[in-house]
Chemist: 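The structure follows.
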Amino acid sequence: MPELPDVETMRRYLQATSLHQQIEEVDVRSEQLLAQTAVEELKERLIGHSFNSTRRHGKWLFVALDGDAEAFLVLHFGMTGGLKYFENMEEDPEYDRILFHFASGYHLAYIAMRKLGEVAIVDDVEAFVGNKDLGPDVLDPDFDLSAFKEVVDDRWVMAKALLMDQHELAGIGNVYADEILFQAQVHPRTRINRLSEETLEQLFGKMKSVLQEAIEHQAHPDRFPAWFLVPHRHGDGTCPRCGAGLERVKVSSRTSYFCPNCQHKKA
DNA sequence: ACATTGACCTGAGAGC
DNA sequence: TGCTCTCAGGTCAATG
């Protein structure tokens with residue numbers, strides 16, 4: 001779930017539901033999610049305050065808090081995280097690890113079945129992004145073709161490994177890397193410096209368009225256009241373009257689905 | 001430089 | 001039905 005389009009969808013969800021309400025209580029049910037911030041500090045910085053606005057960088061969601069000093073709640077969703085806003089505690093979702101209780105009587109749950117996420121309070125988003133050594137957010141308008149070419153920089157890595165490397169590009173994970181490579185008709189193990197200028201431009205365009213389109217469909221594969229690979233990413237899936245059976249290969253120890261007919265090894 | 005593996009966690013789904 | 005096995009949309013450190 002939580003790659004750039006999913007996190008962007010959650011950002012909009014939080015933005016639409018949870019801003020400008022006083023936080024009455026914070027219930028930390030799984031302390032290990034708080035890597036950098038103590039439970040006491042989290043409560044101190046949140047209780048009596050409210051969420052004011054939201055930002056996102058790659059797979060990281062930042063929620064600005066009201067108050068004198070700049071401060072943000074930071075959320076990462078690991079592999080199985082999400083958010084749910086609800087009123088009745090009987091609707092409290094399973095695997096809720098942190099609960100934010102608002103004075104309005106509503107609640108926001110941070111969900112993480114596998115507890116692989118991270119939650120913290122930070123003062124400075126840019127400093128945080130720098131500390132984590134994150135690459136540019138792929139949907140940042142400043143991240144243009146020439147910036148992408150600088151990242152590629154004639155390196156020898158496999159295309160998929162580069163797309164997924166958060167230190168190079170922030171936001172793309174296993175599923176959307178497959179989708180982007182499929183749309184660009186590039187084999188996942190192709191060395192990135194083997195791509196022609198033209199294919200590289202094609203790849204860049206698909207990075208933007210695939211993520212953008214996924215967001216427009218709320219990152220919900222059921223709603224994706226018919227030519228998208230994601231809904232076919234399973235054992236006996238077939239290519240939505242040519243009908244060939246999809247193949248699987250490991251890249252960076254992640255399962256990659258691709259069409260042997262449409263995605264060639266060379267550019 | 002680059003690739004792979006295991007660890008961190010807790011299921012969900014498949015196969016028997 | 002119940003058990004066991006494999007796999008899972010992320011990231012980091014260690015190893016070759």
Side-chain angles (χ1 to χ4, degrees), chain A residues 1-11 28-36 56-61 74-83 93-98 109-120 128-129 131-135 137-138 151-182 187-194 207 210-211 213-215 217-224 228-237 246 248-258 265:
Chain A
M1 224 176 105
E3 300 182 35
L4 189 153
D6 313 271
V7 177
E8 176 62 19
T9 302
M10 288 189 254
R11 185 191 70 75
V28 179
R29 302 184 170 185
S30 200
E31 278 191 44
Q32 66 204 99
L33 271 328
L34 303 181
Q36 329 243 335
R56 184 189 54 71
H57 188 105
K59 303 173 187 175
W60 292 86
L61 176 55
V74 191
L75 303 166
H76 190 283
F77 298 96
M79 286 178 97
T80 55
L83 295 173
E94 205 173 358
Y95 313 121
D96 56 329
R97 307 304 189 188
I98 300 177
Y110 168 86
I111 305 160
M113 185 185 85
R114 284 175 70 187
K115 300 183 182 175
L116 292 173
E118 188 176 333
V119 176
F128 180 84
V129 167
N131 282 338
K132 290 279 179 187
D133 192 24
L134 298 178
D137 182 273
V138 175
V151 168
V152 171
D153 191 31
D154 199 33
R155 291 179 50 199
W156 203 62
V157 269
M158 295 189 281
K160 182 164 175 181
L162 183 80
L163 293 188
M164 289 197 301
D165 186 342
Q166 303 302 298
H167 302 302
E168 303 295 347
L169 305 167
I172 301 170
N174 195 29
V175 166
Y176 286 100
D178 278 2
E179 185 68 54
I180 290 162
L181 292 166
F182 172 71
H187 187 289
R189 307 196 78 123
T190 310
R191 302 288 166 180
I192 199 88
N193 64 358
R194 302 290 294 167
M207 282 171 33
V210 163
L211 299 178
E213 195 139 19
I215 291 168
H217 298 284
Q218 291 81 43
H220 206 306
D222 298 0
R223 301 172 193 163
F224 287 174
F228 263 50
L229 177 77
V230 175
H232 306 273
R233 253 183 116 268
H234 55 79
D236 39 31
L246 297 180
R248 276 191 287 201
V249 65
K250 291 265 186 192
V251 179
S252 302
S253 22
R254 311 298 304 278
T255 303
S256 309
Y257 290 81
F258 70 99
K265 204 81 178 263

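Letters go in sequence order (proteins before strands), and every chain restarts at 1.
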Chemist: Mark yes when over 12 heavy atoms from residues, nucleotides or ligands other than A:E31 sit less than 6.0 Å from its CD; otherwise mark no.
Modeler: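 No, because the 6.0 Å sphere around CD of A:E31 holds 12 heavy atoms or fewer from other groups.
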
Chemist: Apply side-chain hydrogen bond (donor to acceptor under 3.5 Å, both in side chains) to A:R155 and list each qualifying residue two or more places apart in sequence or on a separate chain.
Modeler: A:E168

Chemist: Any chance you could list the contact pattern along nucleotides 10-16 of chain B? Use B for base contacts, S for sugar-phosphate-only contacts and - for none, protein heavy atoms under 4.0 Å, 5' to 3'.
Modeler: BSS----

Chemist: Would you measure the distance from the P atom in B:dC9 across to the matching atom in C:dC5 and give it in whole Å?
Modeler: 22 Å

Chemist: Between A:L163 (CG) and C:dG9 (P), how many Å, whole number?
Modeler: 16 Å

Chemist: Give a yes or no answer on whether the side chain of A:Q32 reaches the backbone of A:K115 with a donor-acceptor pair at less than 3.5 Å.
Modeler: no

Chemist: Quick one: side-chain hydrogen bond (donor to acceptor under 3.5 Å, both in side chains) partners of A:Y257, sequence neighbours excluded?
Modeler: A:R248

Chemist: Checking A:D137 side chain against A:G171 main chain: does a donor-acceptor pair fall under 3.5 Å?
Modeler: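 Not at all, since once roles are kept as given, no pair shorter than 3.5 Å links the two residues.
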
Chemist: Take nucleotides 11-16 of chain C nucleotide by nucleotide from the 5' end and write B, S or -, depending on whether a protein heavy atom sits under 4.0 Å from the base, only from the sugar-phosphate, or from neither.
Modeler: BS----

Chemist: Between atom CE in A:M79 and atom C1' in B:dA7, what is the gap in whole Å?
Modeler: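 Result: 13 Å.
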
Chemist: Could you check how far CG of A:L33 sits from P of B:dC8, rounded to whole Å?
Modeler: 16 Å

Chemist: For A:K250, what residues pass the salt bridge (charged side-chain N to carboxylate O under 4.0 Å, His left out) criterion, not counting sequence neighbours?
Modeler: none

Chemist: Scan A:T255 against the nucleic acid and name what it touches under 4.0 Å (heavy atoms): base, sugar-phosphate only, or nothing.
Modeler: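 The residue A:T255 makes sugar-phosphate contact but no base contact.
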
Chemist: Test of understanding: with side-chain hydrogen bond (donor to acceptor under 3.5 Å, both in side chains), list the residues that count as partners of A:Q218, not counting sequence neighbours.
Modeler: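 side-chain hydrogen bond (donor to acceptor under 3.5 Å, both in side chains) check on A:Q218 returns A:R223.
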
Chemist: Partners of A:Y95 by side chain to side chain contact (heavy atoms under 4.5 Å, CB included), sequence neighbours excluded?
Modeler: A:R97, A:I111, A:M113

Chemist: Are the side chain of A:H232 and the backbone of A:G237 linked by a donor-acceptor contact shorter than 3.5 Å?
Modeler: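 Absent.
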
Chemist: In dot-bracket form, how is DNA chain C paired, counting a Watson-Crick or G-U wobble pair only if both its distances are under 3.5 Å and using | for bases paired to another strand?
Modeler: .|||||||.|||||||

Chemist: Using the salt bridge (Lys or Arg N to Asp or Glu O under 4.0 Å) rule, collect all pairs that involve residues 170-181 of chain A, keeping only residues at least two apart or in two chains.
Modeler: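 Passing the test, one end in residues 170-181 of chain A: A:K160-A:D178, A:D178-A:R233.
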
Chemist: Quick test: give all pairs of protein nitrogen or oxygen and nucleotides 2-4 of chain B nitrogen or oxygen below 3.5 Å, distance rounded to 0.1 Å.
Modeler:
| unit_1 | atom_1 | unit_2 | atom_2 | d |
| --- | --- | --- | --- | --- |
| B:dC2 | OP1 | A:W156 | N | 2.8 |
| B:dC2 | OP2 | A:R155 | NE | 3.1 |
| B:dC2 | OP2 | A:R155 | NH2 | 3.0 |
| B:dC2 | O3' | A:R191 | NH1 | 3.4 |
| B:dA3 | OP1 | A:M158 | N | 3.1 |
| B:dA3 | OP1 | A:R191 | NH1 | 2.7 |
| B:dT4 | OP1 | A:R189 | NH2 | 3.0 |
| B:dT4 | OP2 | A:S252 | N | 3.3 |

Chemist: Of all residues at least two apart in sequence or in a different chain, which pass the salt bridge (charged side-chain N to carboxylate O under 4.0 Å, His left out) check with A:R11?
Modeler: A:E8

Chemist: Taking C:dT6 as the reference, what is the distance to B:dG6 when you measure between their P atoms (whole Å, please)?
Modeler: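 Their P atoms lie roughly 13 Å apart.
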
Chemist: With sequence neighbours excluded, what pairs up with A:D222 under the side-chain hydrogen bond (donor to acceptor under 3.5 Å, both in side chains) test?
Modeler: none

Chemist: Given the P atoms of C:dG9 and B:dA14, what is the spacing between them in whole Å?
Modeler: 15 Å

Chemist: Under the 3.5 angstrom rule, does the side chain of A:T80 hit a backbone N or O of A:R114 as a donor-acceptor pair?
Modeler: yes

Chemist: Distance check needed: B:dG6 C1' versus A:L116 CG, whole Å only.
Modeler: 14 Å

